[in-house]
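Atoms within each ligand, like the ligands themselves, are counted from 1 in listed order. Just so we're clear, the structure is a prediction, and the values are computed from it rather than from any experiment. We count residues from 1, following the sequence as given. Note: hydrogens, waters and symmetry copies are ignored here, and every other heavy atom, side chains too, is used.
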Amino acid sequence: MIVKIFDLQREYESLREEFMRAFEQVHLGGEFILGQHVKRFEEAFADYLGVRYSLGVGSGTDAIRIGGLGCGLKKGDKLVTTPNTYIATTMALSIHGAVPVLCDIDPETYNMDPERLEEVLAREQGVRLCIPVHLYGHAAPMDEILELCKRYEVSVFEDACQAHGALYKGKKVGTFGKAAAFSFYPTKNLGCQGDGGAIATSDEETYGNAHRLRNYGQTDKHVHVVEGFNSRLDELQAAILSFKLTRLDAWNEQRRKLAALYKRELQDTPLVLPQEKPWAYHVYHLFVVRSKERDKLQEYLKTRGVSTLIHYPTPIHLQEVYRHLGHKQGDFPHAERAAAEILSLPMYPGLREDEVLYVCDTIKAFYTNLHSKIE
Ligand SMILES: *Cc1c(COP(=O)(O)O)cnc(C)c1O
């Protein structure tokens with residue numbers, strides 16, 4: 001059996017008619033940039049989340065860039081986030097002169113640990129933005145983060161690129177901070193057929209800033225008040241996202257069902273399974289397990305047709321690009337240990353139960369083999 005980690009072909013087959021309809025609607029409408037489809041999607045996505053505004057941009061990375069700058073982050077300001085996130089979380093803003101300061105994680109959820117955050121905020125001068133990442137689809141502990149950031153006068157900007165529809169204490173993530181970033185990269189919980197992203201905010205000023213920044217700093221046609229970018233969600237992607245948004249909750253439920261099956265089948269193995277805090281509604285963008293024998297397990301699965309990935313193998317502080325920050329191995333032990341042991345198993349809404357069972361049986365066989373070799 002071949003089990004892919006994601007399979008967009010399967011999605012295409014099941015949504016073919018809707019894709020064709022969206023393609024036709026956009027062409028018949030004759031607008032391709034910042035037209036009715038983008039406007040309609042932005043309104044629908046803001047409604048879905050429960051914020052005043054959403055703003056379509058070119059990618060999740062641009063949502064962090066434009067959202068972060070829109071929140072007022074300036075060259076030389078510090079931002080704090082975790083080391084075990086996708087590099088875009090920091091790079092989107094460090095390229096504009098912001099300085100990343102890192103904070104270790106809670107090893108159970110892989111999210112920002114508020115105790116470590118407090119140490120960072122007490123120690124560092126000039127932190128202006130805190131970027132909790134709702135990693136793998138599980139909400140970061142927002143109450144503690146918001147309370148600390150309020151005390152230290154730091155704005156909160158959520159990286160919700162992996163957590164469309166995830167809840168924290170019953171409320172959607174991406175609605176807690178001053179603003180939030182979402183990615184519509186094709187394999188995300190809500191993905192388009194290429195690059196796309198959105199900023200969510202209820203803050204008028206941040207919205208206005210971001211609105212200008214995404215379109216050459218323009219307030220009116222040919223009126224440019226600041227320097228900006230060309231980073232716009234395009235009409236075709238917006239039309240596709242509008243119909244996919246109506247399926248998002250059902251897809252997240254499907255992910256949760258598959259996650260429950262994985263957990264039931266793998267509970268007696270030595271794997272550390274993903275946790276869901278009582279206050280969280282996990283949307284399992286990724287199903288990430290931990291094993292001391294991770295590399296061997298990954299190889300074993302690969303030779304039996306199961307593809308897996310590592311999100312992420314190298315923490316940000318050990319990346320070449322950030323060598324100037326002066327970090328070394330051992331600075332963030334929980335993030336480093338996670339990087340060495342985590343493995344993302346196949347997970348997407350179209351994954352079948354028999355495929356999950358095959359992955360689980362293969363994992364059990366791996367451990368049976370491993371233990372009989374040790375004895
Ligand atoms: C996907 C992702 C991004 C970047 O989004 P793109 O759309 O690929 O630019 C940023 N942060 C996190 C946590 C992500 O998962």
Pull out every atom of ligand 1 sitting under 4.0 Å from any heavy atom of [X], numbered as shown with elements.
| X | result |
| --- | --- |
| Gly60 | 5 (O), 6 (P), 7 (O), 9 (O) |
| Ala88 | 4 (C), 10 (C) |
| Val133 | 13 (C) |
| Thr89 | 11 (N) |

At a non-hydrogen distance cut-off of under 4.0 Å, which region of Thr85 contacts ligand 1 (side chain, backbone, both, or neither)?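 Side chain only.
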
Check contact between Ile64 and ligand 1, using heavy atoms of the residue and a distance below 4.0 angstrom.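 Flag set, Ile64 near ligand 1.
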
Pick whichever of Lys188, Gln162, His311 has a heavy atom sitting closest to atom 3 (C) of ligand 1.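 Nearest heavy atom to atom 3 (C) of ligand 1 lies in Lys188.
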
If you measure only the distance, is there a donor-acceptor pair under 3.5 Å linking the side chains of His37 and Glu31?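 Result is no, nothing qualifies.
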
Which residue supplies the protein heavy atom nearest to [atom], what is that atom called, and how far is it?
| atom | value |
| --- | --- |
| atom 9 (O) of ligand 1 | Thr61 OG1, 2.5 Å |
| atom 8 (O) of ligand 1 | Tyr185 CD1, 3.8 Å |
| atom 11 (N) of ligand 1 | Asp159 OD2, 2.9 Å |

Side-chain donor/acceptor pairs under 3.5 Å, residues 137-145, sequence neighbours excluded:
residue, atom, partner, partner atom, Å
His138, NE2, Lys277, N, 3.1
Asp143, OD2, Tyr168, OH, 3.4
Asp143, OD2, Lys169, NZ, 2.5

Derivation and outcome, ring pair (Phe, Tyr, Trp, His ring centres under 6.0 Å), residues His164 and Tyr48: CA-CA 10 Å; His164 320 65; Tyr48 174 81; 9.2 Å; no

Could you tell me whether the side chain of Gln237 reaches within less than 4.5 Å of the side chain of Phe184, counting heavy atoms only?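 SC-SC contact between Phe184 and Gln237 ruled out.
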
Measure from NZ or CZ of Lys188 to the centre of the six-membered ring of Phe182 and say whether it is under 6.0 Å with the direction within 45° of the ring axis.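 No, a cation-pi geometry is absent between Lys188 and Phe182.
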
Measure from NZ or CZ of Arg256 to the centre of the six-membered ring of Tyr281 and say whether it is under 6.0 Å with the direction within 45° of the ring axis.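 Output yes; distance and angle both within limits.
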
Once rounded to the nearest 0.5 Å, what's the spacing between atom CD1 of Ile2 and atom OG of Ser307?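 OG of Ser307 is found 8.5 Å from CD1 of Ile2.
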
